[in-house]
Amino acid sequence: MKLDKLVGERFKERPSDCLVDSHALMIRGGYMKYVGNGIFSLYTPLKRITRKIEQILREEMDAIDGQEVLFPLVMPAGLLEESGRYTSIGKELLRFSDRNNSPHVLGMTHEEASVQLVREYGQSYAKYPFMIYQIQTKFRDEARPRAGLIRVREFTMKDAYSFHTSQSDLEAYYACCHAAYERIFQRVGLKDVVSVASDSGMMGGSVSHEFMLLTPIGEDSIALCDACGYRANMEAAQCITPPQRDAVSAPLNMVHTPHMQTIESVCNFLNTEVTKSCKAVVYQRNSDDKYIILFLRGDLEANETKITNFLGCEIHPANITEESGIQAGYIGPVNLQADAIVLYDKSLEGSNNICCGANVEEYHYTGLDLDRDVKDAQYHDFAKIQENGICPCCGKEGIHISRGIEVGNIFQLGTKYSASMNMSYIDQDGSLKHPVMGCYGIGVGRLAAAICEASHDDYGPIWPAAVAPWQVHLCAVRIDDPEVKAFADKLYEDLMAQGMEVIYDDRAVSAGIMFSDADLLGVPLRVIVSPRNLKQNSIELVSRDKSLRSSAGLEDAVQAIKDAWNELK
């Protein structure tokens, strides 16, 4: 392709509304164009990149016996009503009615469609196991799209669904798919991807992993232990705290704490450590605004995902009213009169000699002993794991928190969908059973953006060879020179005849503009034909990452370019 015919513009200035580098470079480089909130059109360079990513996905899914299918983007609401997700999923699911007033949805995930597709096929144990996958457009009505293609509303995704007759068979295939995902990220050039245990969320199931690209701009937090290799998403990581019990318990004592509503101000006033305090965090249940009060150690943060999973409902931060009976800023577990669901975090279990709210304005208790004063408390893990915290796996201190972008996820779904949608098979012993399922997803556009985020400089993307939009960027400097034009034109034709993917810049522009555009397109190998090079009977070869810089004779130009490309691969 000739660059002067390439649809889309490239420009120097960074757009003011692009907060991350990948977003800015893809806009500047003519990769995509904003259409609406979280919705983009793709220009040719990015479409070529995503097509190569999709091919790698197909090859790896086919290698583990996957069969490509295609589900509809628009589905009748009844399909999701079978699984119960039509009402359980919140506003992220886009619901609408057609001209006949029949309710429909735009697919944001396709578990129900996968079951519906194979429900009749999989009626005998002899059909199992099998895996189907698709690469399809989806729509998720994100509340806060951000960072270009990293978090959008419309996106292309590879999602796969496996079906098994036993949990052990699912686990074996799950490990197989996990390995395939590791190969995928290696092939597309992402080095800093780690697999972390994660929360299953709306997908359901008991076991799930996310593949996270470690990067400071990531929106997810990951707990890592260098000692044993433990890795988990903050939403799923268990928070372990050492016991906080003194040998002797002080009596419970009410203390006047005027105008002190934060745990820090109270602890300073009482001259006690924040770790010897109990704080309250208040939520409300989305369905009926029922109050939920969580008590946890004063230095910890509440993990809303853990609370949601424990209660089995969606929650939101509370709006505390006067009639609620809750004394904001002075809430404690003793003499609490509010009509609320009360939860206790494990960090408080067995604790004594701690301070807490007294449920009376401007008063706190000291000397709280949970075993003595709150005998009916039941303790669960509701807190976020901390930096330098205790590793849930090896028990050593030194957890560190990193940021990451989720580039893939896998779930062991169990029978959540097959049972609710009445998919069953006749087993060898004649009994009727529901197959167990696995689910495996990778967002194509997000993966492209993550590659750009991980591999770029100040001038543009540095695309890995496997996914680059073209293999060679041919620059004809001073195209008005007849010798330059003649040689560059023939070289372009010869490279194309050899099956090379070439973007050819034969515009009458300065070398500075030409090279700036080449940086933005990020093609791995740049070939420069110029009057100066031709006088030396050579061409110049430069890799985008600057790892290669050489020259080649005119007679051997095509072979030298092929050799350089193979070296970069």
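Residues: numbered from 1 along the sequence shown. The figures that follow rest on heavy atoms only: side chains count, while hydrogens, waters and symmetry mates do not.
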Can [X] and [Y] be counted as an ion pair, charged N to O under 4.0 angstrom?
X: Arg297; Y: Asp345; value: no
X: Asp299; Y: Lys279; value: no
X: Asp141; Y: Arg153; value: yes
X: Arg151; Y: Glu142; value: yes
X: Lys433; Y: Asp427; value: yes
X: Asp246; Y: Lys276; value: yes
X: Glu219; Y: Arg146; value: yes

According to side-chain hydrogen bond (donor to acceptor under 3.5 Å, both in side chains), who are the partners of [X], at least two apart in sequence or on a separate chain?
X: Arg187; answer: Glu59, Glu60
X: Asn268; answer: none
X: Asn37; answer: none

Side-chain touch [X]/[Y], heavy atoms, less than 4.5 angstrom:
X: Tyr417; Y: Leu413; answer: yes
X: Trp463; Y: Ile451; answer: yes
X: Tyr133; Y: Asp159; answer: no
X: Pro129; Y: Tyr173; answer: no
X: Ile222; Y: Ile401; answer: no
X: Ser249; Y: Asn353; answer: yes
X: His364; Y: Tyr330; answer: yes
X: Pro392; Y: Ile385; answer: yes

Verify the neighbour count for atom [atom1] of [X]: are there more than 12 heavy atoms of other residues, nucleotides or ligands below 6.0 Å?
X: Tyr86; atom1: OH; value: yes
X: Asn388; atom1: CG; value: yes
X: Gln378; atom1: CD; value: no
X: Lys546; atom1: NZ; value: yes

Taking all atoms of both residues into account, what is the closest heavy-atom pair of [X] and [Y], and its distance?
X: Cys393; Y: Cys228; answer: CB-SG, 3.8 Å
X: Glu111; Y: Tyr161; answer: OE2-CE2, 3.4 Å
X: Ala223; Y: Ala237; answer: CB-CB, 4.1 Å
X: Val467; Y: Ile49; answer: O-CG1, 3.3 Å
X: Cys355; Y: Leu270; answer: CB-CD1, 3.8 Å
X: Leu25; Y: Pro461; answer: CD1-N, 4.0 Å

Chi angles and distances behind the side-chain contact (heavy atoms from CB on, under 4.5 Å) call for Met61, Ile184:
CA-CA 10 Å; Met61 293 299 98; Ile184 288 167; 4.2 Å; yes
Would Tyr363 and Thr257 satisfy side chain to side chain donor-acceptor pair (under 3.5 Å), going step by step from the backbone distance to the final call?
CA-CA 5 Å; Tyr363 282 88; Thr257 52; over 6 Å; no
Should Arg85 and Glu112 be marked as a salt bridge (Lys or Arg N to Asp or Glu O under 4.0 Å) after you check the CA-CA gap, both sets of side-chain angles, and the distance that decides it?
CA-CA 9 Å; Arg85 290 206 300 175; Glu112 291 86 357; 2.7 Å; yes
Does a donor on one side chain sit under 3.5 Å from an acceptor on the other, for [X] and [Y]?
X: Ser347; Y: Glu349; answer: no
X: Thr262; Y: Ser265; answer: yes
X: Ser221; Y: Arg403; answer: yes
X: Ser162; Y: His164; answer: yes
X: Tyr365; Y: Asn335; answer: yes
X: Gln412; Y: Gln167; answer: yes
X: Gln244; Y: Ser351; answer: no
X: His456; Y: Ser22; answer: no

Is the distance from the ring center of [X] to that of [Y] below 6.0 Å?
X: Phe130; Y: Tyr128; result: yes
X: His380; Y: Tyr344; result: no
X: Phe211; Y: Phe185; result: yes
X: His316; Y: Tyr283; result: no

Within this structure, what is the [atom1]-[atom2] distance for the pair [X] and [Y], rounded to the nearest 0.5 Å?
X: Gln284; Y: Asp289; atom1: CD; atom2: CG; value: 4.5 Å
X: Asn303; Y: Lys384; atom1: CG; atom2: NZ; value: 6.5 Å
X: Leu149; Y: Tyr31; atom1: CG; atom2: OH; value: 12.0 Å
X: Lys416; Y: Ser83; atom1: NZ; atom2: OG; value: 7.0 Å
X: Glu54; Y: Met157; atom1: CD; atom2: CE; value: 13.0 Å

Using the rule given for side-chain contact (heavy atoms from CB on, under 4.5 Å), can you reason through Ile292 versus Leu343, listing the C-alpha separation, both sets of side-chain angles and the distance that settles it, and then say yes or no?
CA-CA 8 Å; Ile292 302 158; Leu343 307 174; 3.9 Å; yes
Could you walk me through whether His209 and Tyr174 pass the ring pair (Phe, Tyr, Trp, His ring centres under 6.0 Å) check?
CA-CA 10 Å; His209 289 81; Tyr174 188 85; 5.7 Å; yes
Ring pair (Phe, Tyr, Trp, His ring centres under 6.0 Å) evaluation trace for Phe310 with Phe382:
CA-CA 9 Å; Phe310 179 80; Phe382 296 117; 5.1 Å; yes
Between Arg285 and Glu314, does the salt bridge (Lys or Arg N to Asp or Glu O under 4.0 Å) criterion hold? Intermediate values first, please.
CA-CA 6 Å; Arg285 194 161 54 192; Glu314 296 296 320; over 6 Å; no
Test Glu68 against every option in Gln134, Lys158, Arg58 by the side chain to side chain donor-acceptor pair (under 3.5 Å) rule and name the one that passes.
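That would be Arg58.
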Applying side chain to side chain donor-acceptor pair (under 3.5 Å) to Asn409 and Glu210, what does each step give before you reach the verdict?
CA-CA 4 Å; Asn409 51 54; Glu210 293 172 342; over 6 Å; no
